[in-house]
Every structure is written in C-alpha cells, then in structure tokens.
Amino acid sequence: MWIVEKILSNKIMNNNIFLKHLSSPSIFKDKKVLSSSFVPDQILHREQEIESLSKILAPALKGYQPNNIFVYGTVGTGKTITIKFILNQLKEIEKTKIKTIYINCKMKKVADTEYRLFAQLLKEHGVIVPDTGLPTDVLYRKFFDIVEKEEKIVIIVLDEIDALVNKVGDEFLYNLTRMNSELKRSQITIIGITNNLSFRDNLDLRVKSSLGEEEVLFKPYNALQLKDILKKRIEEGFNPGVVDEAVLNKCAAIAAQEHGDARRALDLIRVAAEIAERNGDIRVREEHVDIAEQKLDMDRVIETIKSQPKQSQAVLLAIVNSVCNGVCNNTKTVLTGDVFEAYQKICAKNNINVLTQRRISDLISELDMLGIITSKIISKGRYGRTREITLALSNEVLNKVRLVLQERFES
DNA sequence: AGGTATTCACATGAAACTATTCTCTGAGTTAGG
DNA sequence: TAACTCAGAGAATAGTTTCATGTGAATACCTGT
C-alpha cells in the first residue's frame, strides 16, 4: 500500500481533499467480479448446458471437427459466459490444434458487417487488413488461406449473430459453413449465440441445415438460482458483512421478474454498492438498491440518447415537445404527422436540413426499438393509418432527457 | 338496415443515390548511375 | 532504370431520397326491404 506509506511519511499534506475518501473503508474487495463480463471459475446452475456443449465440442480434442452449434436463450441467461468458460477449458487442454475465436457481432465498427467480421477474424489470426478499399471476397480468400495453412480446428463463436444476419443477410454464414468442404487440413466450427428464439426460422434453408446441427437452449434463471449466483459473486466481490440477506433477496427478486436476467442482478448490486460507498455507508442497504434501479434505468436512457445521431435527437425532441404541449389535446400520445411538423420547426430554428417524412418514420421506429418511446400502429378509419406514439419514460427521466436535448437544440 | 366501396395518412419495401474514406494500379516523373 | 508521385477506378459504409405498393377501418354510397 504505497499510498498509506506516503501518508505516513507525511509526503502528503493531511488536508488533502482526497484523504477522507481514502480513509473510509472500501465496500468492495474485488470489483471486477461484479461486472457482468467477468468469467468466474465456476458457473452455477448451468451444469446441463455445459455438459451438452462439452459433449458436442469434445471431438475437437481428438482432431475431428465438432458440429456447428446454435445457442439460444434470453438476455442474462449466461450464454456468453458459459461459452467463454468452455472455450477456456478447452484451451487449457489443447492449445496447439484448436483455435478459438470469440466475436460479438453487435459491436459497432468491429464486426457489424460481413467485411468487418472477416477483418476481425483475420485480426485474430494476426493479419491486419484496411478498414475499407478492399473487396470483401479478398478478405474471404485471405481468411481461407490462413486457416488452411494453420492446420487447426477453428471454433468461431458469433455472439448476437442475429444482429448481423438481420443487417447483412445470412449469405456469410453459408460461405463460412461451405468453407469446410473446401478446407483440406483445417476445419471450422461455428457457434452462433442469439437471444432471439425464432431466429433460426427465418434463415436460408441451406444455412439452417448446416449451422443448426446442434442446439442448446438456455432457460432463464429462477429467483433461487439467481440468489445463488449473486451470493457467490458477493462473497468474492465484497468485503464480508457488507451486503446482507435482504439486499441479496431484493436484487434476485427484481432480476427474476425481468425474465431471470443475471446481468441485471449484478448491475443492481454493483451500482447499489457504489451508491452506498459514495454516501459513506459501510453496508449496502435496500434503499440503495431502489436508487440503483432508478439510476440504471436513467443512465441507460440518457446514454442511448446521447449516442444517437443529431437527426434522431431532433426527432426525439420533436416527440417530447409535442407530447408535452399536448398536441393531441391532453392525451399523452402523438401521431407521426404531428411529430414531423414539430420536427420541421426544430430544423428551421437550428439550421438543420430537413429529412423526408419517410426517413422520419424510420427514425421513429428506431427510437421505439431502443425503448425510449412506445409506438403502435393504429388505423383511424377514414382518417388514415398512422403510428400512435407515447413516451416510455418516467417523469424524472423525461425531465433529464429534456435537459439533455435542450442543450443541443434551440427550441 | 345491411352491405360494399372509398379514402385517408401514413407504413413498409426496394432500389438508387450521395458523400466519405480508403486501396490498388498503372502512367508519368524524377533522380541517380 | 529504379523509386516516387499522383490521378483514376473501385470498394465499403452510413445515411438518405425516390418510387411503389400496402393497409385497417371509419365513412360514404348503394341496395333492397
């Protein structure tokens, strides 16, 4: 503890403003354990899934190509973590003949297009290709050559594969699976992870048959299982006695309600603890969890809004303005047409070029997907068919959103 | 009254376009031998 | 003659526009009673 030494040796003034933060005992023992991306050395309540996955992948150890796998399960059911865990175990036994690659297809600017996916795959093999300029099939060739040269069994994990397929189609999956028949000395196995249970149904038949050779379903955790998982993480992540049973129960219960999302439970407890620590409390209490729940919600919304492009923000402001001004007399809903009008006004005031209504329509449905607004299509008979838009935000969040938006626009 | 046709106000889809960033290639230019 | 420069052709990508087509049900319009 070099800081303590420094303090003792009086190298730091004893009125330094940071001193009081140092002296308060830390709640955390090892904070990274509480992050949802942490892979623990033991995964609870996934014994069955681990068993079947390892059975499928075991042939790799004997030099055969394992079947391709589809992994399903809603958010926070431990899909990613389990796969990572299994890959780690696999590598522990056999490093020379097996190569594992994990790629998250949703990562912006990393693997969200076919080109970038292959660029990423190449990068994993130590080949850097330019971001643009090359035809995609060149990357495809390069990847093929490298894999062939390596003489390994390559296990490629494509997390959130549905996002990529929705964006660019399933052609690349077909190409990847087809590679195997052309590869002589190496083989590729694909593990596709998705939280969209019906994803497989709208795949090309060829892809469906070759990729869906094996399927593993991850069921949501129930409250008891969540509690176990949390408990273990708490033991590792916090100093003893910091979190009591009631808090644990509460987090598990909230997460269980949200379709057994373990990530949610972890976020809750971590943020609750951060809040407690900042307040100078040495224990995490239930009210901290309440605040954490709100804060998580708020942060999520604000973050997504801030990261939206300007036009999208303008559209959101148009929605917020129209809803708050009660365009549709005192109801809290607005229609696409109202939004477009309000949007045009905002553009005029801010000197932004006005996009077509067609585009605005898309931007509105994007905001819907992000969960910032709720919209449903209604038919008003003779008076047309349109979207009925409602803000999906609590008043508190809404006010914050307004502040953020008004910072960016004159309105 | 009951049935059918219209009509509105957008939704939704597909394709094409724009602008930006970047590679590759080959022609032209330059400097050194 | 090798090395360098530079313009032009192509690609990838994101964000849009243009054009075309779809659509649910309140109303207008008929029809036969």
Side-chain angles (χ1 to χ4, degrees), chain A residues 103-123 127-146 160-161 163-173 175-176 198 202-204 304-319 322-323 327-329 331 333-348 350-370 372-390 408-409:
Chain A
I103 290 178
N104 186 325
C105 303
K106 222 178 181 174
M107 294 257 278
K108 286 264 178 236
K109 305 274 177 195
V110 176
D112 55 348
T113 67
E114 183 178 7
Y115 182 92
R116 296 214 257 250
L117 172 68
F118 276 96
Q120 195 62 24
L121 285 171
L122 281 165
K123 197 175 164 196
V127 180
I128 305 288
V129 290
D131 294 344
T132 165
L134 296 181
T136 308
D137 48 310
V138 170
L139 298 207
Y140 179 79
R141 269 271 59 94
K142 275 191 180 175
F143 178 65
F144 183 89
D145 290 344
I146 279 184
E160 315 223 39
I161 194 173
L164 186 50
V165 169
N166 281 339
K167 207 174 152 194
V168 301
D170 49 15
E171 191 76 7
F172 75 96
L173 279 176
N175 288 338
L176 267 177
S198 60
N202 30 31
L203 278 180
D204 188 298
T304 40
I305 288 174
K306 276 187 177 167
S307 65
Q308 284 312 103
K310 194 146 200 169
Q311 291 287 357
S312 189
Q313 291 179 348
V315 172
L316 181 60
L317 181 60
I319 295 171
S322 339
V323 168
V327 166
C328 265
N329 19 299
T331 51
T333 65
V334 278
L335 308 176
T336 303
D338 307 329
V339 174
F340 188 58
E341 257 175 55
Y343 160 79
Q344 282 173 310
K345 276 184 204 153
I346 290 170
C347 285
N350 290 275
N351 210 9
I352 307 170
N353 49 337
V354 183
L355 303 182
T356 49
Q357 182 153 338
R358 174 71 186 83
R359 180 66 186 136
I360 300 310
S361 183
D362 278 348
L363 289 179
I364 291 173
S365 54
E366 273 170 37
L367 287 173
D368 188 11
M369 299 258 272
L370 291 171
I372 297 167
I373 60 172
T374 349
S375 72
K376 86 175 173 232
I377 291 143
I378 52 156
S379 178
K380 307 209 296 169
R382 198 73 216 277
Y383 306 105
R385 220 165 93 96
T386 180
R387 268 205 189 85
E388 196 178 61
I389 301 159
T390 327
R408 301 206 175 182
F409 298 100

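Just so it is clear: chains get the letters A, B, ... in the order the sequence lines come, proteins before strands, and each one is counted from 1. Side chains are part of it too, since the values below use all heavy atoms of this structure and drop only hydrogens, waters and symmetry mates.
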K.L.:
Mind checking side-chain contact (heavy atoms from CB on, under 4.5 Å) for A:Gln120 and listing every partner two or more places apart, or none if nothing turns up?
P.N.:
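Partners of A:Gln120 under the side-chain contact (heavy atoms from CB on, under 4.5 Å) test: A:Ile103, A:Val110, A:Lys123, A:Glu124.
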K.L.:
Identify the heavy atoms of A:Leu176 and A:Phe143 that sit nearest to each other, and give their distance.
P.N.:
CD2-CE2, 4.1 Å
K.L.:
Identify all pairs in which a protein N or O lies below 3.5 Å from an N or O of nucleotides 15-25 of chain B, and state each distance.
P.N.:
none

K.L.:
Closer than 4.0 angstrom, basic N to acidic O: yes or no for A:Arg358 and A:Asp362?
P.N.:
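A:Asp362 and A:Arg358: salt-bridged.
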K.L.:
Can you build the contact string for nucleotides 5-13 of chain B? Use B for base contact, S for sugar-phosphate-only contact, and - for no protein heavy atom under 4.0 Å.
P.N.:
--BBBSSBB
K.L.:
Would you mind classifying the nucleic acid contact of A:Lys167 as base, sugar-phosphate or nothing, using non-hydrogen atoms under 4.0 angstrom?
P.N.:
sugar-phosphate
K.L.:
Can you spot which of A:Val138, A:Thr132, A:Leu134 makes a side chain to side chain contact (heavy atoms under 4.5 Å, CB included) with A:Tyr115?
P.N.:
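Answer to the side chain to side chain contact (heavy atoms under 4.5 Å, CB included) test with A:Tyr115 among A:Val138, A:Thr132, A:Leu134: A:Leu134.
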K.L.:
For A:Val339 and A:Ser322, work out which heavy atoms get closest and say how close.
P.N.:
CA-OG, 4.4 Å
K.L.:
Checking A:Asp145 now: which residues fulfil salt bridge (Lys or Arg N to Asp or Glu O under 4.0 Å) with it, not counting sequence neighbours?
P.N.:
none
K.L.:
Using the closest heavy atom to pick a nucleotide of DNA chain C for each, name whichever of A:Asp112 or A:Pro135 lands nearer the 5' end.
P.N.:
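It is A:Pro135, whose closest nucleotide lies nearer the 5' terminus.
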K.L.:
A:Gln313 and A:Ile305: which non-hydrogen atoms are nearest, and at how many Å?
P.N.:
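Looks like NE2-O, 3.0 Å.
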K.L.:
At their closest point, which heavy atom of A:Ile364 faces which heavy atom of A:Ile373, and how far apart are they?
P.N.:
O-CD1, 3.5 Å
K.L.:
With respect to A:Tyr343, which candidate in A:Ile319, A:Val354, A:Leu363 satisfies the side chain to side chain contact (heavy atoms under 4.5 Å, CB included) definition?
P.N.:
A:Val354
K.L.:
By the side chain to side chain donor-acceptor pair (under 3.5 Å) test, which pairs, at least two apart or in different chains, include something from residues 103-113 of chain A?
P.N.:
A:Asp112-A:Arg116
K.L.:
Earliest and latest nucleotide of DNA chain C, 5' to 3', sitting under 4.0 Å from a non-hydrogen atom of chain A?
P.N.:
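So the outermost contacting nucleotides come out as C:dG10 to C:dA28.
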